[in-house]
2 protein chains.
Amino acid sequence: MADSTRTRRALDLNEATAVLARTPATLDAMLRGLPDGWIQAHEGGETWSPFDVIGHLIQGEQTDWVPRARIILEHGEARTFDKFDRFAQFELSRGRTLDSLLDEFSMLRRASLRDLAALEITDADLDRRGTHPFFGAVTLGQLLATWVAHDLDHVIQVARVIARQYSDAVGPWRAYLRVISGEQG
Amino acid sequence: MADSTRTRRALDLNEATAVLARTPATLDAMLRGLPDGWIQAHEGGETWSPFDVIGHLIQGEQTDWVPRARIILEHGEARTFDKFDRFAQFELSRGRTLDSLLDEFSMLRRASLRDLAALEITDADLDRRGTHPFFGAVTLGQLLATWVAHDLDHVIQVARVIARQYSDAVGPWRAYLRVISGEQG
């Protein structure tokens with residue numbers, strides 16, 4: 001395969017949904033049944049724990065991805081997206097167990113992908129534009145690519161939060177561990 | 001939980017093996033059945049694809065983690081670890097399918113954890129020292145913590161390789177996506 005086709009891709013709905021469909025099982029495999037010290041771990045200050053991340057992803061299914069796709073298809077640029085509340089999960093997750101959050105995320109993601117399929121988005125639709133509250137004009141294709149990258153960003157975050165708990169414990173090996181050394185982010 | 005207990009942890013064998021046991025299923029959930037464009041994607045130049053990463057993890061089970069733990073327990077600092085071949089997977093994986101590599105990694109990891117349990121490592125053993133070919137003195141505890149962080153570093157790599165394929169496709173959202181913006185790596 002030519003090198004350039006292996007480092008950047010245009011959005012392809014089948015390729016994108018193949019990743020989106022796998023995120024709940026990925027996070028379930030990483031987190032379900034892990035000792036609570038890992039689930040509640042964070043990176044200091046106001047950073048999020050794995051528990052917080054799952055609540056954030058639930059919130060995204062409910063208010064961000066498919067709702068914004070519908071706004072683009074129904075209203076185009078005329079109706080600005082609602083702002084996404086990056087802190088709603090702290091209320092949403094209060095008193096919940098991790099397992100129940102994982103179950104809910106999995107159920108909501110399946111519903112999102114059913115809803116997405118029902119929209120019968122064509123290649124031409126991917127260029128349709130909406131209005132982001134901060135960025136202004138964005139396309140449906142950019143929204144869907146962002147959904148994929150956003151999932152993976154949070155998979156990375158969960159793995160990073162856990163790995164960095166051992167920043168001291170790994171001793172001299174920290175130089176070889178990009179997640180701890182921070183090199184090349 | 002006090003903040004300091006949520007950002008750094010000492011190695012705890014039960015906590016560590018809980019993470020190690022989940023890595024094969026995590027990568028399986030992410031990768032099995034994904035379109036080949038994602039499996040063969042990389043970050044340019046000599047960087048690795050998800051396919052390459054699984055071969056590297058197989059190599060680690062065969063030559064790195066438990067074999068080095070045994071060297072520490074049997075020989076202490078007297079016998080320097082063998083160097084780890086970071087490129088062996090290119091030969092090892094040639095002509096294989098991703099599914100067969102995922103199956104092999106899962107099988108080898110289960111065997112590694114059985115072997116680790118059979119070593120009946122005590123808390124006192126974690127301070128026993130071996131000799132790393134570059135770092136010199138390292139402890140068994142540091143080796144085992146590194147095994148955990150190394151797994152997660154490669155989970156991160158796989159997610160990052162896939163996400164960065166959409167570095168252009170996400171448009172203005174790249175500013176919000178740490179995996180693409182590279183901020184705070």
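Letters go in sequence order (proteins before strands), and every chain restarts at 1. Side chains included, hydrogens not; waters and symmetry mates left out as well; all remaining heavy atoms used.
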Worksheet, complete the sentence: The reported gap from CG in Asp82(A) to OG1 in Thr63(A) (rounded to nearest 0.5 angstrom) is 8.0 Å

Worksheet item: If only atom types and distance count, is the side chain of Asp151(A) paired as donor or acceptor with the main-chain N or O of Val148(A) below 3.5 Å?
Response: no

Item to complete: On the 0 to 90° scale, with breaks at 30° and 60°, tag the Trp48(A)-His154(A) ring pair as parallel, tilted or perpendicular.
Response: parallel

Discussion item. Between Thr47(B) and Arg160(B), is there a side-chain heavy-atom distance shorter than 4.5 Å?
Written reply: no

Worksheet item: Pick from Leu11(B), Leu34(B), Val19(B): which one has the most heavy-atom pairs with chain A under 4.5 Å?
Response: Leu34(B)

Worksheet item: Between Ala29(B), Pro35(B), Ala21(B), which shows the greatest number of heavy-atom pairs under 4.5 Å with chain A?
Response: Ala29(B)

Worksheet item: Salt bridge between Asp115(B) and Arg70(B), side-chain N to carboxylate O under 4.0 Å?
Response: yes

Practice prompt. For each of Ala137(B), Gly33(B), Gly136(B), Ala25(B), tally heavy-atom pairs with chain A at distances under 4.5 Å, and name the one with the top tally.
Written response: Gly33(B)

Discussion item. Please rank Asp153(B), Thr26(B), Thr139(B) by heavy-atom pairs under 4.5 Å with chain A and give me the top one.
Written reply: Asp153(B)

Discussion item. Return the CZ to CH2 distance between Arg68(A) and Trp147(A), rounded to the nearest 0.5 Å.
Written reply: 12.5 Å

Worksheet item: Just by modelled atom types, is the Ser49(A) backbone N or O under 3.5 Å from a matching donor or acceptor in the Asp52(A) side chain?
Response: yes

Item to complete: Please flag which part of Ala16(B) lies under 4.5 Å from any non-hydrogen atom of chain A: side chain, backbone, both or neither.
Response: both

Worksheet entry | Contacting moiety of Val158(B), where chain A heavy atoms sit under 4.5 Å | neither

Item to complete: Let me know if Thr23(B) has heavy atoms under 4.5 Å from chain A in its side chain, its backbone, both or neither.
Response: neither

Worksheet item: Taking the six-membered ring for Trp, is the centroid-to-centroid distance between Trp65(B) and His150(B) below 6.0 Å?
Response: yes

Worksheet item: So which residues of residues 118-134 of chain B are in contact with chain A at a heavy-atom cut-off of under 4.5 Å?
Response: His132(B), Phe134(B)

Worksheet entry | Structural part of Leu143(B) lying under 4.5 Å from a heavy atom of chain A | both

Response to the item:
Given Leu152(A), Leu31(A), Asp28(A), Asn14(A), the one with more heavy-atom pairs under 4.5 angstrom with chain B than any other is Leu152(A)

Worksheet entry | Salt bridge Glu74(A)-Arg79(A), side-chain N to carboxylate O under 4.0 Å | no

Discussion item. Given heavy-atom pairs under 4.5 angstrom as the criterion, report whether the side chain, backbone, both or neither of Arg32(A) touches chain B.
Written reply: backbone

Practice prompt. Using atom types as modelled and distance alone, determine if a side-chain donor or acceptor of Arg9(A) lies under 3.5 Å from a backbone N or O of Trp38(B).
Written response: no

Fill in: CG-CD distance between Asp64(A) and Gln62(A), expressed to the nearest 0.5 angstrom
11.5 Å

